[in-house]
Student: 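One structure is given below, represented as structure tokens, and several questions about it will come after.
Since this is a predicted model, take the numbers as computed values, not measurements.
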Amino acid sequence: MAGYADVPPGSLLDAAPDAIVGVRPDGRIALVNAQAERLFGYDRDELVGQPMEILVPEALRGAHPARRGAYLSDPRPRPMGAGVELAARRRDGTEFPAEISLSAVQTAEGIFVTAAIRDVTSRKRAEAMFRGLLEAAPDAIVGVRPDGRIALVNAQAERLFGYDRDELVGQPMEILVPESVRHLHPRHRTRYFDDPRPRPMGAGMQLAARRRDGTEFPAEISLSALETEDGLLVSAAIRDVTDRLEAQAERERLRAQAERERLEVQLHQSQRLESLGQLAGGVAHDFNNLLAVIINYTAFVGEVVGTAARDQGGRWESARRDIEQVQRAADRAAQLTHQLLAFGRREVVQPRPLDLNGVVHDMEQLLRRTLGEHVELHTSAHPGLWTVLADVGQIEQVLVNLAVNARDAMPGGGTLTIDTSNVSIDDETAAARPGLRGGRFVHLRVSDSGTGMSPEVAARAFEPFFTTKTKGEGSGLGLATVYGIVTQAGGHVEILSTVSVGTTVSALLPAVDGAVPAAEEQLADGELFGGETIMVVEDEPAMRELTRRILARNGYQVIIAASGPEAISLASTTREEIHLLLTDVVMPQLLGSEVAERIRQQRRDLRVLYMSGYAQPVLAQNGTLAPGLALLTKPFSERVLLSKVREALDAPGGPFPPLGAPPWPRDN
């Protein structure tokens, strides 16, 4: 190069995107391009020949010559963005951040330095905005290079992990990974860099992170890839989910506690109802004896008074009507006693395979009369309904009780719907209903469109004597009886009710295999007399005399005993044949079953009929009669007593030989 005057014209330099300034060894400007004029606000002539420091901020001008001299002593190229924070000054005195690349050319007159200058104000603003967003982010953010080393962190990352920023930048990402899985992390990281698709927060992966103090915490991590000037950078947003998992665990605990409390309430209710049932059974034993005496002696008196009223009229007719009132009251008392026993699951049931659809169909006309014209009855029978094992009389009582309750809840009219269906319940579902086991069930639902119940009322609806009706309008035993009947049958019953919408009573009855047998024929009135010998064992004097009188006036020979030991003694000393033992179940010294067993050791052909108002001691666990036993429930009428006696004497086969067959040999 001959000299600076020989430097090529600025036409090529004017096309460059950056400002270019050429500087002589003495520090004076030798050339500028058009972009330099626009950037600094000087004309070309105003810059050429001026010291380079004219473009340097005043605060840095004093130190600049020394820096320029240091560069000239080792004039290696310095590329743009070499990491040095620089600034430049315009003609109007304003300053701006700059990136400067330097290159040197050796000439005959010395080293000629070319400076390419770029205004990075916009980029710095963008970087500042990025840093602001980064620092304001609620999650910890860590930027990782392809080699696995940390390139950037935000303030939240410092707080979360307990490191200063300088301690993390440049470290391998694994410093933040639990030690137990560190050996796996590089492979996962490499796989992600190979296919850097965004992975949102909460992508279903259970992850963990490690703090500086070695503690670990559950974390959710979202990943995204950023293309930068330095290459691909993966940004990991890390969130500590300890609080959320603890809150979730607490919600689960509270939910489980609420479910446990709900089951405890149901259990306590069942235990309370069970206690009330035991009380009802104890009262019923004595009360039924009294009712049997009242009912039958009233019938005896009624016969005499009725004859007199027909013959003489007058005050005898008035007396006959009075006796009818007593009989009706006694019948109602007997019905209440049966309801108490049914509620307490102390009622004697005689279950047989039933088609529930058939029972509903047979009861339909009775239910329509019970409901009245202002209530519409709809039935829906499921085809192919499974068979249930139940007492038909008790199922009919369930339907009547529910119909009466529904009618009273719809004083202005409405709709009652009865439907049946088959359901299978697994053990887990059954566990939520105390006392219920999984299996096949027939589902009976009775729904009304009445006034409904509040949750507080529905919770007590099965309690005996609880009623919302005015005094004298209801006994409070209707739903309690339904509860007792269904649970005694091994089922489950519950109430779903909404105020002003209606109530549904849902009953589940266990399904059984087997066909429904044909109905048995009833004995005619003329078949109830007999001449056989019957031993009556009854500790209650009035009941003993009542039973003797009914049997004797209908042709039977009667031997009476006031206790179990007396009956055993009479059976061993009486030479005449005893065809039937009619014994009370609950007696002070020996139970009726013990009396029967002792006497049958002497008379093996003896048939036995038990009678009781509380027969729990001879019942199986499900409330049914023990195999081979016949029972007459108190209170009974004359016709019922005679019918049961005739049935026991005439029963074919069974555990005892029929009358007239050779007796089994007796013990000596």
Side-chain angles (χ1 to χ4, degrees), residues 278 281-293 296-297 346 348 530-554 556-620 625-636 640-642 644-645 647-649 651 654-657 659 663-668:
Q278 291 176 352
V283 171
H285 174 259
D286 292 333
F287 192 54
N288 279 331
N289 277 342
L290 296 174
L291 284 175
V293 173
N296 286 282
Y297 276 100
R346 300 303 190 274
V348 178
E532 293 90 346
T533 299
I534 300 174
M535 176 178 281
V536 176
V537 187
E538 170 62 65
D539 63 307
E540 180 67 33
M543 275 298 302
R544 186 169 61 248
E545 173 57 22
L546 168 67
T547 308
R548 185 205 65 76
R549 182 171 174 179
I550 292 175
L551 293 173
R553 77 182 201 150
N554 284 280
Y556 291 100
Q557 304 300 313
V558 183
I559 301 172
I560 60 172
S563 67
E566 182 181 351
I568 296 169
S569 176
L570 286 172
S572 63
T573 58
T574 300
R575 301 188 63 83
E576 62 183 293
E577 185 176 8
I578 300 174
H579 300 98
L580 177 68
L581 174 67
L582 176 58
T583 177
D584 191 18
V585 170
V586 180
M587 294 183 292
Q589 294 173 288
L590 293 173
L591 291 176
S593 57
E594 296 172 312
V595 174
E597 183 180 357
R598 298 273 290 274
I599 294 178
R600 283 199 62 244
Q601 290 176 0
Q602 306 169 33
R603 300 173 179 264
R604 297 194 176 184
D605 57 340
L606 184 69
R607 294 172 181 253
V608 180
L609 174 62
Y610 294 101
M611 57 179 174
S612 181
Y614 178 64
Q616 199 70 14
V618 296
L619 298 183
L625 284 175
L629 297 185
L631 182 70
L632 169 65
T633 58
K634 300 176 183 178
F636 49 77
V640 171
L641 169 59
L642 296 174
K644 278 290 185 180
V645 167
E647 182 181 325
L649 289 169
F656 310 111
L659 290 179
W664 290 322
R666 299 179 180 176
D667 293 335
N668 293 326

Student: Before accepting this row, confirm whether a basic side-chain N of the pair Arg544/Asp539 lies closer than 4.0 Å to the acidic partner's carboxylate O.
Tutor: no
Student: Do side-chain atoms of Asn554 reach the backbone of Leu642 as a donor and acceptor pair under 3.5 angstrom?
Tutor: no
Student: What closest approach, in Å, do Ala552 and Val558 show between heavy atoms, and which atom pair accounts for it?
Tutor: N-CG2, 4.0 Å
Student: The criterion is side chain to side chain donor-acceptor pair (under 3.5 Å); which residues satisfy it with Arg553, sequence neighbours excluded?
Tutor: Glu303, Glu638
Student: Do Lys644 and Leu609 have side-chain heavy atoms sitting under 4.5 Å apart?
Tutor: yes
Student: Heavy atoms only: give me the nearest Arg603-Ile578 pair and the separation to one decimal.
Tutor: NH1-N, 3.6 Å
Student: Leu551 vs Leu582, test: side chain to side chain contact (heavy atoms under 4.5 Å, CB included). Steps then yes/no.
Tutor: CA-CA 11 Å; Leu551 293 173; Leu582 176 58; 4.2 Å; yes
Student: Can you check whether Leu580's main-chain N or O pairs, donor with acceptor, with Arg607's side chain at less than 3.5 Å?
Tutor: no
Student: Decide yes or no for Tyr297 and Leu546: does some side-chain heavy atom of the first lie under 4.5 Å from some side-chain heavy atom of the second?
Tutor: yes
Student: Excluding sequence neighbours, so at least two apart, what forms side chain to side chain donor-acceptor pair (under 3.5 Å) with Arg548?
Tutor: Glu545
Student: Report yes or no: does Thr547 contribute a side-chain atom to a donor-acceptor pair with the main-chain N or O of Met543 at less than 3.5 Å?
Tutor: yes
Student: Can any side-chain N or O of His579 pair as donor or acceptor with the backbone N or O of Thr533 at less than 3.5 Å?
Tutor: yes
Student: Backbone N or O of Ser569 within a donor-acceptor pair of the Ser572 side chain at under 3.5 Å?
Tutor: yes
Student: Among residues at least two apart in sequence or on other chains, which ones pass side-chain contact (heavy atoms from CB on, under 4.5 Å) with Ala567?
Tutor: Met535, Val537, Ala561, Val595, Ile599
Student: Within the structure provided, determine whether Gln602 and Ile568 are in side-chain contact (heavy-atom separation under 4.5 Å).
Tutor: yes
Student: Taking all heavy atoms of Tyr610 and all of Ala596, pick out the closest pair and write down the distance.
Tutor: OH-CB, 3.5 Å
Student: Please test Ile559 against Val536 for side chain to side chain contact (heavy atoms under 4.5 Å, CB included), starting from the C-alpha separation and ending with a verdict.
Tutor: CA-CA 6 Å; Ile559 301 172; Val536 176; over 6 Å; no
Student: I need the minimum non-hydrogen distance between Asp584 and Met587, along with the two atoms involved.
Tutor: O-CE, 3.7 Å
Student: With side chains defined as the heavy atoms from C-beta onward, is the minimum distance between Met611 and Lys634 less than 4.5 Å?
Tutor: yes
Student: As an exercise, state the distance from CZ of Phe636 to CG of Leu291, rounded to the nearest 0.5 Å.
Tutor: 11.5 Å
Student: How close do Val293 and Ala542 get, heavy atom to heavy atom, and via which atoms?
Tutor: CG2-CB, 3.6 Å
Student: Please check: side-chain N/O of Glu566 versus main-chain N/O of Ala562, any donor-acceptor pairing under 3.5 Å?
Tutor: yes
Student: Rounded to the nearest 0.5 Å, what separates atom CD in Gln601 from atom CG in Leu606?
Tutor: 12.0 Å
Student: Does any non-hydrogen side-chain atom of Leu590 lie less than 4.5 Å from one of Pro565?
Tutor: yes
Student: Any heavy-atom pair between the side chains of Asn296 and Leu641 that's under 4.5 Å?
Tutor: no
